[in-house]
Trainee: 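After the structure tokens below, expect a handful of questions from me.
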Amino acid sequence: MAAAIVPLAQQAGDFIHQVPHYLQAAQDHSSALGRLNDRFHLQQRITDAIKGSGGSAVNEVVRRGIRDFRSVG
């Protein structure tokens, strides 16, 4: 389990750095992501999910990861 935390943390960091690019592409109606966003309203659904959870889902994942990492170490 602990071996998975480092790559997951790296991937999460990479994703966070790419978010502005993804948001820009989602608003570009000629891009593949923009067409998906137009069709399925992805950006709105993601925004609603984040607001609805109050970030608690993300916080819970981080808390559990830290707890599991401490129990291994």
Trainee: For Leu42 versus Asn37, what's the shortest heavy-atom pair and its separation?
Mentor: N-OD1, 3.1 Å
Trainee: Measure across Ser31 and Ala25 and return the closest heavy-atom pair with its distance rounded to 0.1 Å.
Mentor: OG-O, 2.7 Å
Trainee: Between Gln18 and Asp14, do the side chains contain an N or O donor and an N or O acceptor separated by less than 3.5 Å?
Mentor: no
Trainee: Are Leu23 and Leu33 linked, directly or through intermediate hydrophobic residues, by side-chain heavy-atom contacts shorter than 4.5 Å (ILVMFWY only)?
Mentor: yes
Trainee: Does any N or O in the side chain of Asp28 come within less than 3.5 Å of the main-chain N or O of Gly34, such that one atom is a donor and the other an acceptor?
Mentor: no
Trainee: Tell me whether Arg35 contacts the main-chain N or O of His29 through its side chain, where contact means a donor paired with an acceptor under 3.5 Å.
Mentor: no
